Number of protein chains: 2
Amino acid sequence: MKKTGTELTGVKEIARRANVSIGTVDRVIHNRKGVSEETKNKINAIIEEMDFRPNKMASLLASRKILNFAVLIPAVSDETDYWSYPLNGIKQAAEEIRQFGVIVQYYFYNLDSKSSFHTAAEEMLQNEPDAILMAPSFVEESIGFTQKIRELELPLVFINSDLPDQPGLSYIGPELYQSGKLAAQLTSFALQKPDKILTINIATGLENNHHLLRKEQGFKRFFEDSGLANEVITLNINDTKLDPTEKALLPALTAEPAIKAIFVTNSRVNVIAEILAKHKRTDILLVGYDFLKKNIDYLITGQITFLICQRPKEQGYLGVMALYKHLFKISEVEKSTYMPIDIITKENYMFYNG
Amino acid sequence: MKKTGTELTGVKEIARRANVSIGTVDRVIHNRKGVSEETKNKINAIIEEMDFRPNKMASLLASRKILNFAVLIPAVSDETDYWSYPLNGIKQAAEEIRQFGVIVQYYFYNLDSKSSFHTAAEEMLQNEPDAILMAPSFVEESIGFTQKIRELELPLVFINSDLPDQPGLSYIGPELYQSGKLAAQLTSFALQKPDKILTINIATGLENNHHLLRKEQGFKRFFEDSGLANEVITLNINDTKLDPTEKALLPALTAEPAIKAIFVTNSRVNVIAEILAKHKRTDILLVGYDFLKKNIDYLITGQITFLICQRPKEQGYLGVMALYKHLFKISEVEKSTYMPIDIITKENYMFYNG
DNA sequence: CTGAAAGCGCTTACAG
DNA sequence: CTGAAAGCGCTTACAG
C-alpha cells in the first residue's frame with residue numbers, strides 16, 4: 001500500500017504549466033465555451049503532452065452527479081421466466097455501479113401488447129434518463145422510438161435482439177442463424193440415415209417472428225452443407241398453448257413415423273416435451289432454447305436433450321456496464337457483442353447461471 | 001442528470017448528531033484506537049441508525065492509496081497457450097479498475113519447474129502486495145506458501161484449481177468431476193452398443209495430476225449410472241510429446257478395434273487428434289478439453305468433435321474483480337464460484353471468447 | 001474571457 | 001482521547 005507522490009498533477013499541474021487558473025483548465029477539458037482559442041490550444045497541447053486523464057472519482061465527487069439509466073424490457077410473465085435472467089444481470093450491474101452515482105429505473109412492457117411498449121417508452125422519456133438500455137422486441141415501434149432517442153443524443157444499448165441499421169451505441173445478444181446451425185449439428189449426432197427431423201415454430205403472430213425464421217434457416221443450412229440426407233419438415237403453430245399445439249403436433253408425427261428428432265426454434269420447447277412425455281415418445285430427440293425452469297425439468301427427465309442458451313443474464317449485465325463504461329469513459333464499447341452459444345445438457349445445467 | 005440534495009450527509013451528519021468532530025467519526029469507522037468506549041458506542045449507534053456506508057470514492061481520493069494486486073500464475077508456454085486466456089481476463093479487469101488506484105503486478109512461474117514457483121512466489125512477497133490472485137498448480141508448494149500469506153492477512157483468491165482446506169477468500173474455477181460426466185454424456189450420443197471407449201491421461205508426472213483423475217472418475221461414473229454397457233479402457237501416457245504418445249496409442253487401438261470414442265482428460269487432445277488424422281481414423285469420436293488454437297483447428301477439420309471449456313478468461317477476470325470487490329467493499333465475495341462447463345463444437349467456437 | 005474561492009465526502013497529520 | 005485544519009483532484013457558482 002503505497003502513496004502517490006506529492007508533485008503537482010492533474011488540473012493543477014496543467015494550470016501551472018499553462019499559467020492559467022484551474023477553472024480555465026476545467027473549461028477546456030469539458031469543451032465549455034468562454035475560452036480564447038489561444039489559451040485553449042495551449043492547454044490542449046499540455047493535456048496531450050501529459051497524456052492527462054481526468055480522475056473520474058474526483059470529478060464524480062465534486063459534481064455530485066446522479067446518472068439515471070433507463071431499462072426498457074419485457075416484463076417477466078407467467079408463461080415464461082426468460083426475462084428474469086436479463087433482469088437479474090441488470091440488477092447485479094446496477095448494484096455494482098450504484099456507488100458511482102448511477103440509479104437504474106425500470107420500464108416494463110408486455111410482449112402481448114404493442115401499446116404497453118408505447119406507454120412504457122413514453123413514461124421513460126418523461127423521466128429524462130441519461131442513458132437507455134432496451135430490448136427492441138417490437139421492431140416497428142422500436143424504430144420510431146429510437147429516432148426520438150437519437151434526437152436527444154442519449155447513449156442507447158440494445159440487448160436480446162438488434163434493430164437493423166439503427167445506430168445504437170452497442171448491441172449485445174445472440175447471432176440467431178449460427179445458433180440454428182449448432183442445433184442442427186447437435187441433432188445430427190443421434191440421427192440415422194433414414195431418420196427425419198421436425199422443426200417447430202411456436203408463437204402467436206408468427207409472421208412477425210423473423211428471428212425464429214433465422215434459426216430455422218441456419219438449421220436447414222447445416223443439413224444442406226453437411227451432405228446428410230435427412231429430411232427436415234417444418235411445422236408452424238400459431239398458438240402457444242398446450243391443446244392447440246398437441247392437435248397440431250400429433251398428426252404431424254403420425255404422418256411421418258420416421259421423425260426421430262424435433263427442433264423447437266424458441267423456448268416453448270417445454271410444451272412439446274410435455275406432449276411427447278404424455279405420449280411416451282422417448283425415442284424422439286428434442287432440442288430447443290433457453291434456460292427456463294420448465295425446460296430444465298424436462299432436461300432432467302431426459303425428454304429434452306439439448307437446450308441452447310445465449311447468456312441472457314450476461315446480456316443484461318453487459319448492457320448496463322456498456323452504458324457505464326461509455327459514460328464514465330472507462331473503456332471503448334464494442335459496436336456488437338455476439339454472445340457465446342451455450343449448450344446445456346443434463347450434465348452441465350447445474351453450473352449454468354443463466 | 002440530477003444532483004444530490006444539500007442536507008448534511010455522511011461523516012458530517014454523524015459528527016453533528018454525535019456532537020463530535022468528523023475526525024473522531026473517522027476513527028470509529030476504521031476501528032482505530034484512541035476513542036473512548038462511550039463515544040465509540042454512540043457513534044456506532046448513529047452509523048447503524050443511518051445505515052451509513054462510507055463513500056468509497058471520497059475515501060480513495062482523500063487517502064491517495066495505491067493498491068497492489070499480485071498475480072501468480074503459470075507463464076504462457078510454447079506448448080500450450082492455455083494461460084493466455086486467464087491472463088487476458090486479468091488484464092481486462094486490471095484495465096477497468098486502474099482508475100481506482102489499483103496496480104496489478106504479474107509473477108509467472110513455469111509449470112515444469114517447482115523451483116520457478118518458489119522464486120516467483122518469493123519475489124511477489126518481497127514487493128508487499130495488498131492482495132493476491134494465484135493459480136496453485138503445485139499443491140504442496142502452494143500450501144506452504146498460503147500459510148505465509150495467511151500470517152500477513154492478505155486477501156487471497158484461487159483460480160483454475162483449488163487448494164483443499166486452505167482458507168482463501170474465494171475459489172473461482174472448474175468442478176472437474178462433473179465435467180468428466182458431461183464428457184461422457186457427449187460421448188454416449190454417438191455410441192453403439194458394442195463400442196468401447198478409450199480414456200487417455202497425458203501428462204508428465206501423472207502421479208501429481210489428481211485433477212485428471214477426477215475427470216476420469218466422473219467420466220466412468222456416467223457410464224456406470226446410465227446403464228450403458230460400453231466398456232471404458234484407460235491409457236496413461238507419461239509424456240506429452242508426439243512420438244511417445246503415438247507409440248502408446250497405436251497398440252492400444254490395435255488391441256481394441258471396438259474403440260469408437262476417445263476422451264482425453266486435458267488440453268493435449270490435439271496430440272491425439274494429430275495422430276488419428278495421420279492414420280485416417282475419422283471413425284473415432286474425439287472429446288477433450290480447452291479452447292486452444294491447436295484444438296480449434298482440429299475441431300474445424302472434424303477430427304475433434306467436442307471441446308469442454310471452463311471459461312479461463314472469465315476465471316482471470318472474476319478473480320481480480322473478487323479482490324477488488326472485497327477490498328473496495330463493493331459486494332460480498334462468494335466462497336466458491338464454479339464456472340459453467342461449456343461445450344465447444346465446430347458450430348459455436350466462433351462466438352466463444354475463451 | 002478568466003480567476004479565486006468554496007465545496008464534494010472523506011483522510012491525514014498535528015496540536016492539545 | 002479529541003478537534004481543527006489542510007488536502008485529495010476535481011466542479012461549480014460568482015465576480016470581474
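In the text below, chain A, chain B and the rest are named by the order of the sequence lines, each starting its count at 1. The model shown is predicted, which means the values in this text are computed figures rather than measured ones.
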Next on the checklist: Counting the atoms with a prime plus P, OP1 and OP2 as sugar-phosphate, which does A:I22 contact under 4.0 Å by heavy atoms, base, sugar-phosphate, or nothing?
Outcome noted: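 A:I22: base contact, heavy atoms under 4.0 Å.
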Measure from the side-chain heavy atoms of [X] and tell me the nearest of [options].
X     : options                : value
B:N55 : C:dC10, C:dT12, D:dC10 : C:dC10
B:A58 : D:dT12, C:dT2, C:dC10  : C:dC10
B:S63 : C:dG9, C:dT12, C:dA4   : C:dT12
B:P54 : D:dG9, D:dT12, C:dC10  : C:dC10

Checklist entry - Hey, what's the ring geometry for A:F100 with B:F100, parallel, tilted or perpendicular (30° and 60° as the breaks)? => result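 Ring orientation, 0 to 90° scale: parallel.
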From [atom1] of [X] over to [atom2] of [N], roughly how many Å is that when rounded to an integer?
X      : N     : atom1 : atom2 : value
A:M57  : D:dC8 : CE    : P     : 14 Å
B:L61  : C:dG7 : CG    : P     : 17 Å
A:R27  : C:dA4 : CZ    : P     : 11 Å
A:F100 : C:dG9 : CZ    : P     : 16 Å
A:I66  : C:dG9 : CD1   : C1'   : 14 Å
A:R16  : C:dG3 : CZ    : P     : 15 Å

Would you say [atom1] of [X] has more than 12 non-hydrogen atoms from neighbouring residues, nucleotides or ligands within 6.0 angstrom?
X      : atom1 : answer
A:Q147 : CD    : yes
A:Y352 : OH    : yes
A:E122 : CD    : yes

Item to check | Stepwise side-chain hydrogen bond (donor to acceptor under 3.5 Å, both in side chains) check, B:N160 with B:Y82 | outcome: CA-CA 11 Å; B:N160 196 251; B:Y82 177 80; 2.8 Å; yes
Checklist entry - For B:N127 and B:Y107, does a side-chain donor sit closer than 3.5 Å to a side-chain acceptor? => result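 Yes, because at least one side-chain N or O of B:N127 sits under 3.5 Å from a partner of the opposite role on B:Y107.
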Next on the checklist: Whether the A:T39 and A:S36 side chains hold a donor-acceptor pair (N or O, under 3.5 Å, no angle test) is what I'd like checked.
Outcome noted: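 A donor-acceptor contact under 3.5 Å links the two side chains.
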Item to check | Student check: side-chain heavy atoms of A:M321 and A:E96 closer than 4.5 Å | outcome: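 Yes; the side chains approach each other to less than 4.5 Å.
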Next on the checklist: Would you say A:K12 places a side-chain N or O within less than 4.0 Å of OP1 or OP2 belonging to D:dC8?
Outcome noted: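 So the side chain of A:K12 is within the cut-off, an N or O lying under 4.0 Å from OP1 or OP2 of D:dC8.
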Next on the checklist: Looking at A:S59, I'd like to know whether one of its side-chain N or O atoms comes within less than 4.0 Å of OP1 or OP2 on D:dC10.
Outcome noted: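 Checking A:S59 against D:dC10: no side-chain N or O falls below 4.0 Å of OP1 or OP2.
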Item to check | Neighbours of DNA chain D within residues 28-48 of chain A, by heavy-atom distance under 4.0 Å | outcome: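 Going residue by residue through residues 28-48 of chain A, the ones with a heavy atom under 4.0 Å of DNA chain D turn out to be A:H30, A:R32.
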Next on the checklist: Show me the dot-bracket string of DNA chain C, counting Watson-Crick or G-U pairs under 3.5 Å, with | for pairs to another strand and [ ] for crossing ones.
Outcome noted: |||.||||||||.|||
Checklist entry - How do B:A62 and B:S21 order along DNA chain D: which one's closest nucleotide is nearer the 5' end? => result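 Its nearest nucleotide being more 5', the pick is B:S21.
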Checklist entry - So, for B:F158 and B:Y171, is the gap between ring centers shorter than 6.0 Å? => result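 Between B:Y171 and B:F158, which both carry aromatic rings, the centre distance is not below 6.0 Å.
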